[in-house]
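A short write-up of the structure that comes next.
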Amino acid sequence: MVPAALSASNEAERRAALARYAVLDTEAEADFDDIVSAASAACGMPVSLISLIDGDRQWFKARVGLASTETPVRFSICAHAASQDDVFVIPDTTRDPRTADNPLVTGDPKIRFYAGMPLATPEGVALGALCVIDTKPNDLSAAQRLILRTLARQVMTTLELRRALRERRESDRRNAAILESAVDYGIISMDLEGLVTSWNSGAERILGWSEAEMLGRHAHVFFTDQDERDRIAEKEMGSALLHGRGSDERWHRKKDGSLFWANGEMMPLRDEQGTPEGFIKILRDRTEQRLAAGRQRADAEFMRSVLAASADCIKVLDLDTRLTFMSEGGMRVMEVSDFNAIQGCPWPDFWQGQGNADALAAIATARAGGTGHFQGSTPTMAGNPRWWDVQVTPIPDEDGRPEKLLVVSRDITVQKDAERQISASEARWRGLFTGMQEGFLTAELIRDPEGHATDFRFLAVNPAFTAQSGLPAGIAGSTIREAVPDIAQSLIDTYARVVDTGVPELFEIDVPALGRTFEVRAFKEGGQRFAALFLEISERKRTERRRAALIELGDRVRDLGDKGEIAAIAAAIMGRMLDLSHAGYGAVDHEGETILISQCWSAPGLTSLAGLHQFREYGSYIADLKAGETVLIADTARDPRSASQVEGLEAIDVRALVNLPVMEHGRFVAMFYILKRVPHDWTPDEVGFLRNVADRTRAAIARVEAEEQQQVLNLELSHRMKNMLAMVQSIATQTMRNAADLDVAKSVLAGRLIALGKSHDLLLGGSLGSTPLDTLAESALEPHRDGPDRFVVSGPAVNVGAKAAMSLALILHELATNAAKYGALSRAAGRVTLAWTLRDTATGPQVHLLWSETGGPPVVAPTRTGFGTRLIARGLAGDFGGAVTLGYPAEGVVCAIVAPLKELQAEDVRPPRD
């Protein structure tokens with residue numbers, strides 16, 4: 001049976017009490033052994049024990065008459081005693097139900113009597129019992145009970161004394177340790193006179209004197225001279241006695257004479273009756289703290305000046321976001337004239353829209369212990385728009401929890417403006433980069449382990465480069481050899497040289513596969529990177545090649561006299577320059593609509609087009625050519641002018657063509673043809689080149705033709721001069737033969753030679769081959785025109801060839817001379833009418849010309865025929881196939897001339913026969 005004293009709550013208190021006394025399992029002690037001996041002797045009992053109950057055992061601090069040092073608590077009779085308030089007695093344990101079956105009763109040591117006094121602490125916690133035991137039934141007298149009580153109290157008094165002594169020793173030890181370990185504190189004890197009685201290691205460390213040096217010396221030694229004169233030490237002791245403590249902060253002196261700032265306290269030491277018996281002085285070196293405080297004050301002043309000078313707006317908010325502080329610099333930048341006007345206002349309300357949402361989010365982040373940040377736009381208090389970079393951080397309290405919020409707003413308006421300008425500039429440059437017509441790339445060289453450049457990687461390319469090169473737009477990141485495996489190593493070497501030397505280079509790249517040529521400007525960017533600008537110069541190179549071709553054409557045909565060879569050279573140059581299938585020059589029959597090609601340039605493997613061709617076999621554009629228009633066809637299968645004849649064109653390998661007509665006097669006389677076997681859009685530059693070649697070729701051919709014509713003209717002129725001299729000779733002979741006298745002969749001969757000269761002038765003034773009949777008549781009659789109505793000349797347009805022009809001019813001259821002498825022109829009222837018509841006959845057109853005189857003297861037929869009359873009558877007969885009839889009506893002479901048109905237009909000149 002477990003006694004009530006052993007309940008869980010009592011057990012916890014008992015164990016705590018036993019721990020305070022520190023008695024369990026200690027060695028035997030005479031003080032306790034004497035008590036159990038006295039109890040055994042006084043009560044006449046063989047066994048006496050001091051039993052302490054500890055959990056599931058009872059342990060005997062002192063014993064007499066029993067060998068065991070402890071027994072299980074379940075057998076403990078002292079546990080029953082511990083639950084009592086006074087001496088607990090069981091006269092016969094065999095008869096008490098609480099102990100009758102206890103093994104200590106039924107077995108050894110055969111307890112038959114038990115008496116115990118509980119051992120209780122001053123707090124009433126029972127630790128065990130002081131008991132006496134007998135092996136036979138028994139009882140205690142009143143005196144024995146008193147002795148047992150007294151001895152139990154003695155046990156507790158001894159335990160209390162031991163505990164107090166132990167605690168005092170521990171306290172002294174702890175105090176000594178504290179004093180010795182308090183190296184940051186100088187702890188000094190003094191008597192009532194101020195003489196040092198103890199001096200800890202902290203005092204030695206701070207002041208420099210050892211305890212041995214200071215014992216018995218007055219405390220004045222570590223006060224300054226001024227404080228010693230002012231008796232500061234005595235005043236502190238007096239304040240300590242009067243008020244219980246005296247505090248000060250002042251400079252103190254060390255052993256080496258240096259000063260340190262210390263805060264100190266002086267307290268009185270009192271005896272047990274409270275009588276002062278000395279003082280204790282505690283000093284702590286606070287020099288560093290004082291200097292730090294000075295620095296802190298300086299830093300605070302510096303910070304105040306920084307805040308005042310800072311262009312940032314520095315604000316402090318409470319946790320409800322209300323403004324509590326704003327720096328001077330912040331007031332300036334926010335244009336706040338009076339902070340009191342906005343103090344206490346919710347700071348997020350100064351932001352609108354997204355700015356307000358960003359401000360609230362930043363505050364929430366700071367409240368949670370983080371750092372809130374955003375950028376936004378809000379005006380100053382004066383209404384001026386500004387951009388701000390805002391950071392919100394928590395200001396923690398002593399426990400590290402956010403107590404307030406620090407807001408720093410930096411004016412980034414200039415930065416934002418610059419960013420917008422940079423962004424606009426970048427957009428412009430990006431637009432330039434993407435929109436520029438020149439190709440541009442940046443790349444990085446790839447080298448082998450020996451350092452030789454073997455490849456390069458594209459870093460960035462613009463659209464113009466991809467369009468120029470035919471490479472994909474996503475080429476960035478790839479290497480040139482991945483894109484173009486057979487790229488020439490010389491190109492990579494050129495870029496490597498630019499990177500190695502840092503010297504930009506300008507060179508050309510010809511890409512036959514694309515038919516394009518580029519001028520490349522390469523320069524180093526940094527490291528192994530380089531950039532290159534590609535300017536397509538294909539057209540320029542083509543222009544240069546075409547210019548060179550034109551120069552070549554001029555050089556080769558300059559001295560040639562063969563029209564066919566000139567045309568062949570021109571055709572070959574055009575074919576080579578424009579990658580043609582055929583090219584050449586041919587003579588055209590305007591009426592027959594044919595072209596005769598004597599020589600044709602053809603590309604290798606193609607058949608020559610030399611021969612006669614009908615234009616309409618190849619399309620319906622002959623009308624354009626006759627009108628002198630250049631015909632350009634990009635695709636013969638699609639152009640309506642040639643689509644119907646596409647089979648014939650494909651048979652001669654033609655899918656695109658250019659025809660350049662050559663016109664003379666409004667007639668289509670020759671043509672340059674340029675043909676391609678594939679469809680082709682002819683560019684203005686190509687057509688211009690073709691026209692240049694055609695013009696130069698035609699000029700060279702025209703030169704040859706002019707030289708040929710000049711040779712013919714020279715021969716004709718020689719023939720005409722011979723005829724002229726023969727005619728002059730004939731005229732002179734006939735004139736002199738029939739002249740009455742020399743003066744008359746001279747006059748007549750002069751007139752006839754003048755008429756001959758004018759007719760010759762007409763021929764030379766024309767084309768040396770023909771002259772208009774009306775012009776010839778006007779010229780021949782002009783010397784006799786003494787009035788506007790003397791002559792009436794009319795008739796259709798008729799050209800008179802050189803063969804008949806001189807004879808007709810002489811006839812008109814003779815008729816006019818006779819009329820002036822004898823006929824109509826000898827009278828003021830006389831008139832001459834010269835009219836001609838064209839009449840169709842079976843042998844061809846004929847010219848009928850009629851000379852009629854009126855208003856002159858009556859006409860009488862001559863009785864004899866002179867040279868002039870014979871010249872008139874025979875002038876157009878014979879060689880010219882014509883007939884001349886003279887009539888002499890009274891009203892005026894009439895001369896009728898009839899001749900075939902083709903004979904009048906003949907060019908050969910022969911002298912008239914007598």
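Because only heavy atoms are used, hydrogens play no part in the values below, and waters and symmetry mates are left out as well, while side chains stay in.
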Charged N-O contact under 4.0 Å between Glu593 and Lys626: yes
Test item: Val503 and Phe523 side chains (from C-beta on) under 4.5 Å apart, heavy atoms: no
Any Ser642 side-chain heavy atom under 4.5 Å of Leu649 side chain: yes
Aromatic ring pairing Phe672/Tyr585, orientation class (parallel under 30°, perpendicular over 60°, tilted between): tilted
Under 3.5 Å donor-acceptor, Arg457 side chain and Ala476 backbone: no
Minimum side-chain heavy-atom gap Leu625-Tyr621 below 4.5 Å: yes
Side-chain donor or acceptor of Glu686 paired with backbone N/O of Thr683 under 3.5 Å: yes
Distance, nearest 0.5 Å, that separates CG of Leu675 from NE2 of His680: 12.5 Å
Interatomic spacing from CD1 in Ile622 to CD in Gln614 - rounded to 0.5 Å: 9.5 Å
Check: Asn799 and Leu773 side chains under 4.5 Å, non-hydrogen atoms: no
Salt-bridge contact Arg521-Glu519 (side-chain N to carboxylate O under 4.0 Å): yes
Residues Asp579, Lys676; criterion side chain to side chain contact (heavy atoms under 4.5 Å, CB included); working and verdict: CA-CA 8 Å; Asp579 191 24; Lys676 270 185 173 287; 3.8 Å; yes
Donor-acceptor contact present, side-chain Thr466 to main-chain Pro463, <3.5 Å: yes
side-chain hydrogen bond (donor to acceptor under 3.5 Å, both in side chains) evaluation trace for Asp510 with Thr517: CA-CA 4 Å; Asp510 189 40; Thr517 303; 2.8 Å; yes
For Val461 against Ala473, the heavy-atom pair lying closest together: CG2-O, 4.3 Å
Nearest atoms (heavy-atom pairs only) where Leu632 meets Arg641: O-NH2, 2.8 Å
Pair Thr479, Asp455: side-chain N/O donor-acceptor within cut-off below 3.5 Å: yes
Closest heavy-atom pair and its distance - Met574, Leu580: O-CD1, 3.5 Å
Spatial distance of atom CG (Leu553) from atom CZ (Arg546) [nearest 0.5 Å]: 14.5 Å
Parallel, tilted or perpendicular: ring planes of Tyr495 versus Phe530, cut at 30 and 60 degrees: parallel
Leu533 vs Val520, side chain to side chain contact (heavy atoms under 4.5 Å, CB included): CA-CA, chis, key distance, verdict: CA-CA 6 Å; Leu533 183 70; Val520 185; over 6 Å; no
Full working for salt bridge (charged side-chain N to carboxylate O under 4.0 Å, His left out) between Glu565 and Arg556: CA-CA 10 Å; Glu565 188 177 356; Arg556 293 179 64 183; over 6 Å; no
pair Leu660-Tyr673: side-chain heavy atoms closer than 4.5 Å: no
Check: His613/Tyr618 side-chain N/O donor and acceptor closer than 3.5 Å: yes
Nearest atoms (heavy-atom pairs only) where Val669 meets Met663: CG2-C, 4.4 Å
Side chain to side chain contact (heavy atoms under 4.5 Å, CB included) between Leu838 and Val798, intermediate numbers included: CA-CA 9 Å; Leu838 284 174; Val798 175; 4.0 Å; yes
Validation row, ring centre Phe440 to ring centre Phe534 under 6.0 Å: no
Heavy-atom pair of closest approach, residues Ala453 and Gln489: O-NE2, 3.0 Å
Under 3.5 Å donor-acceptor, Trp851 side chain and Leu812 backbone: no
Arg576 CZ: over 12 foreign heavy atoms closer than 6.0 Å: yes
Any side-chain heavy-atom pair of Leu657 and Val631 under 4.5 Å: yes
Heavy atoms of other groups near Arg540 CZ, more than 12 under 6.0 Å: yes
Pairing of Asp635 and Arg655 as salt bridge, 4.0 angstrom limit: yes
Pairwise side-chain contact, Glu508 with Phe518, heavy-atom cut-off 4.5 Å (strictly under): no
Side-chain ion pair, Arg547 and Glu552, N-O less than 4.0 Å: no
Nearest-0.5 Å distance that lies between atom CD in Glu647 and atom OG1 in Thr636: 11.5 Å
Value rounded to 0.5 Å, distance of CG in Leu834 from CH2 in Trp836: 5.5 Å
Over 12 non-hydrogen atoms of neighbours within 6.0 angstrom of CG in Asp555: yes
Heavy-atom donor-acceptor pair, His582 side chain to Thr607 backbone, under 3.5 Å: yes
Separation between CZ of Phe668 and CG of Asp589, rounded to the nearest 0.5 Å: 10.5 Å
Verdict with reasoning, Arg516 to Ser469, per side-chain hydrogen bond (donor to acceptor under 3.5 Å, both in side chains): CA-CA 9 Å; Arg516 307 173 90 171; Ser469 64; over 6 Å; no
Minimal non-hydrogen separation, Val704 against Leu560, with atom names: CG2-O, 3.7 Å
Trp682/Val658 under side chain to side chain contact (heavy atoms under 4.5 Å, CB included): CA gap, chis, key distance, verdict: CA-CA 8 Å; Trp682 301 99; Val658 178; 3.5 Å; yes
N/O donor-acceptor pair under 3.5 Å between Ser779 side chain and Thr775 backbone: no
Ile652 side chain near Leu609 side chain, heavy-atom distance below 4.5 Å: yes
